Amino acid sequence: MSAIVAEGLVKHFDEVRAVDGIDLDIPAGAIFGFLGANGSGKTTTIRMLTTLLRPTAGTARVDGLDIIRDARAVRRRIGVALQEAGLDHIQTGRELLTLQARLFGLRGSTLRDRVAELLAVVDLEAAADRAVGGYSGGMKRRLDLAAALVHRPSIIFLDEPTTGLDPVSREGIWRYVSQLSSEEGITIFLTTQYLEEADRLAHDLAIIDAGRIIARGSPAEMKASIGTDVVTVRIEGPDAALEHAAAVAAGIAGVERVQTADGCAVMYVPDGARAVARIVLAFDEAGLAVGDVSIARPSLDDVFLQATGQHLQVDAPGAAPSS
């Protein structure tokens with residue numbers, strides 16, 4: 001059964017095609033990862049699917065409901081945690097969850113039990129009666145997740161839930177998201193700019209670039225699709241030297257594909273360990289100054305580079321969330 005289906009979803013902002021014809025079919029209970037750089041269309045897509053933006057064209061159904069005709073019903077079926085947590089810093093954590101529960105019709109002991117359950121699940125029992133303004137970034141993200149879950153939704157949308165968090169807080173969010181899927185069967189639509197997050201959590205993954213999906217599959221399938229080792233050689237000198245290195249690499253026996261990024265020549269070869277010596281020798285004979293050399297099995301970064309022509313640049317841990 002499909003939890004989320006989109007067909008030809010488009011969103012224009014004046015002359016900008018933020019989302020340019022997206023098709024999706026996400027099964028119930030899956031963690032779906034939407035991987036892309038800032039400005040690629042991730043947040044615009046999630047805002048359309050959660051009824052916060054009206055599509056310019058195309059259709060989408062969430063839990064079988066049309067996002068335009070049945071917008072109110074969709075909102076009652078889903079939980080949403082956007083990039084910037086919409087938390088009242090004056091309220092305590094318990095007060096915020098209590099208000100959220102009341103908005104969804106919970107009352108009496110049912111309400112109190114649900115709030116207590118969620119505070120325990122997101123490990124905020126000790127801080128439940130402190131003002132949210134005094135919470136750390138990780139605590140706020142966990143509270144925002146709890147607020148999105150208060151009415152027991154079958155589908156949750158998480159828009160870059162760990163951007164700006166420290167590694168410990170990020171690990172806690174990852175663990176909790178995995179539990180929601182494996183133990184409660186909740187469908188999770190996760191947008192992210194973190195390769196490790198996508199690799200760790202997603203059952204199915206799509207890479208979005210300039211508003212279009214350009215690669216799709218499980219993380220393992222995506223990495224296997226490259227089918228080679230990856231040899232990366234840093235080239236010292238001007239841009240012309242890197243261009244020369246790419247031309248030289250293209251003529252080396254066994255090199256199937258060459259790309260350049262961030263001052264490096266990236267070569268895809270069937271046996272990286274055997275190829276390194278002849279690659280370095282060829283560069284030396286061509287008068288190129290070689291810096292660091294590395295060999296690796298394909299990663300999602302290599303998949304992203306192959307699909308988009310660039311590495312995925314992300315915010316450093318602890319940075320403010322980007323729009």
Side-chain angles (χ1 to χ4, degrees), residues 1-11 18-36 40-55 57-71 73-83 145 148-149 151-162 173-174 176-195 197-209 211-223 225 300 303-304 307:
M1 176 182 175
S2 297
I4 301 168
V5 176
E7 298 174 353
L9 205 59
V10 173
K11 184 61 182 179
V19 174
D20 193 14
I22 282 179
D23 298 321
L24 294 170
D25 192 339
I26 302 169
I31 300 178
F32 175 77
F34 214 30
L35 178 66
S40 61
K42 303 188 307 296
T43 295
T44 300
T45 300
I46 213 171
R47 286 182 175 273
M48 286 190 285
L49 293 174
T50 57
T51 77
L52 297 176
L53 276 178
R54 189 181 181 92
T59 62
R61 297 183 301 282
V62 175
D63 206 15
L65 300 169
D66 186 274
I67 61 170
I68 297 175
R69 294 193 306 270
D70 307 311
V74 168
R75 288 193 288 271
R76 295 194 67 84
R77 301 276 189 95
I78 64 174
V80 182
L82 299 177
Q83 282 187 44
L145 272 173
L149 291 165
H151 57 301
R152 301 185 187 276
S154 58
I155 301 170
I156 299 176
F157 292 86
L158 304 178
D159 191 14
E160 300 196 15
T162 65
I173 296 293
W174 289 352
Y176 183 43
V177 169
S178 294
Q179 290 173 352
L180 288 174
S181 172
S182 63
E183 298 178 10
E184 300 189 33
I186 293 173
T187 305
I188 297 171
F189 188 110
L190 169 76
T191 74
T192 183
Q193 57 174 329
Y194 292 114
L195 294 160
E197 185 164 83
D199 204 358
R200 171 90 168 264
L201 296 178
H203 303 145
D204 190 20
L205 179 66
I207 293 176
I208 181 172
D209 186 53
R212 295 184 178 185
I213 292 176
I214 56 175
R216 178 79 185 266
S218 71
E221 289 169 344
M222 284 191 168
K223 288 182 285 188
S225 70
L300 281 184
V303 175
F304 194 88

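Values in this document were obtained by computation on a predicted structure and should not be read as measured data.
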Checklist line | Point-to-point distance, once rounded to the nearest 0.5 Å, from CD of Glu197 to CD1 of Ile173 | finding: 9.5 Å
Checklist line | Which atom of Gly33 lies closest to which atom of Ala202, heavy atoms considered | finding: N-CB, 3.8 Å
Margin query: For Leu52 and Leu82: C-alpha separation, side-chain torsions, deciding distance, then whether side chain to side chain contact (heavy atoms under 4.5 Å, CB included) applies.
Written below: CA-CA 11 Å; Leu52 297 176; Leu82 299 177; 3.8 Å; yes
Checklist line | Nearest-0.5 Å distance that lies between atom CD1 in Ile156 and atom CD1 in Ile31 | finding: 10.0 Å
Item checked: From Leu158 atom CG to Thr192 atom OG1, the distance as rounded to the nearest 0.5 Å -> 10.5 Å
Checklist line | Exercise: identify the closest heavy-atom pair between Ala81 and Ala148 | finding: N-CB, 4.5 Å
Next item on the list: Salt-bridge test for Asp70 and Arg61: reply yes if a basic N is under 4.0 Å from a carboxylate O, no otherwise.
Entry: no
Notebook entry, point to check: So, for Arg216 and Ala206, which heavy atoms are closest and what is the spacing to 0.1 Å?
Noted result: CD-CB, 3.7 Å
Check: If only atom types and distance count, is the side chain of Ser181 paired as donor or acceptor with the main-chain N or O of Gly29 below 3.5 Å?
Finding: yes
Note to self: Please enumerate all residues that pass salt bridge (charged side-chain N to carboxylate O under 4.0 Å, His left out) together with Arg54, with sequence neighbours excluded.
What the structure shows: none
Checklist line | Heavy-atom side-chain proximity of Ile155 to Ile26 below 4.5 angstrom | finding: no
Check: Which residues satisfy the salt bridge (charged side-chain N to carboxylate O under 4.0 Å, His left out) test with Arg47, sequence neighbours excluded?
Finding: none
Item checked: From Met48 atom CE to Thr43 atom OG1, the distance as rounded to the nearest 0.5 Å -> 11.0 Å
Check: Is there side-chain contact between Leu53 and Thr44, with heavy atoms separated by less than 4.5 Å?
Finding: yes
Next item on the list: Identify, with sequence neighbours excluded, every residue that meets ring-ring contact (aromatic ring centres under 6.0 Å, His included) alongside Phe157.
Entry: Phe189
Next item on the list: Evaluate the side-chain proximity of Leu9 to Leu24: yes if any heavy-atom separation is below 4.5 Å, no if none is.
Entry: no
Checklist line | Student check: side-chain heavy atoms of Leu201 and Ile188 closer than 4.5 Å | finding: no
Check: Taking C-beta and beyond as the side chain, do Arg76 and His151 meet within less than 4.5 Å on heavy atoms?
Finding: no
Check: In chain order, what residues pass the salt bridge (charged side-chain N to carboxylate O under 4.0 Å, His left out) check against Asp23, with sequence neighbours excluded?
Finding: none
Margin query: Tyr176: which residues meet the ring-ring contact (aromatic ring centres under 6.0 Å, His included) condition with it, sequence neighbours left out?
Written below: none
Margin query: Between Ile186 and Leu149, is there a side-chain heavy-atom distance shorter than 4.5 Å?
Written below: yes
Item checked: Separation of Asp204 CG from Phe34 CZ (nearest 0.5 Å) -> 11.0 Å
Checklist line | Side chains of Asp63 and Thr187 in contact at under 4.5 Å (non-hydrogen atoms) | finding: no
Margin query: Could you report the tightest heavy-atom contact between Pro27 and Asp25, atom names first, then the distance?
Written below: CD-O, 3.7 Å
Next item on the list: Applying salt bridge (charged side-chain N to carboxylate O under 4.0 Å, His left out), name anything that partners Asp199, two or more places apart in sequence or on another chain.
Entry: Lys223
Checklist line | Test side-chain contact (heavy atoms from CB on, under 4.5 Å) applied to Tyr194 and Leu35, Thr162, Leu300, the passing residue | finding: Thr162
Note to self: How long is the straight-line distance from CD1 of Ile22 back to CD1 of Ile213, given to the nearest 0.5 Å?
What the structure shows: 5.0 Å
Notebook entry, point to check: Any donor-acceptor pair under 3.5 Å linking the side chain of Lys42 with the backbone of Gly36?
Noted result: yes
Check: If you look at every heavy atom in Ala198 and Leu205, which pair is closest and at what distance?
Finding: CB-CD1, 3.8 Å
Next item on the list: List the atom of Gly41, the atom of Ile208, and the distance in Å for their closest heavy-atom pair.
Entry: C-CD1, 3.8 Å
Note to self: Are Val177 and Leu190 packed together at the side-chain level, in the sense that at least one heavy-atom pair is separated by less than 4.5 angstrom?
What the structure shows: no
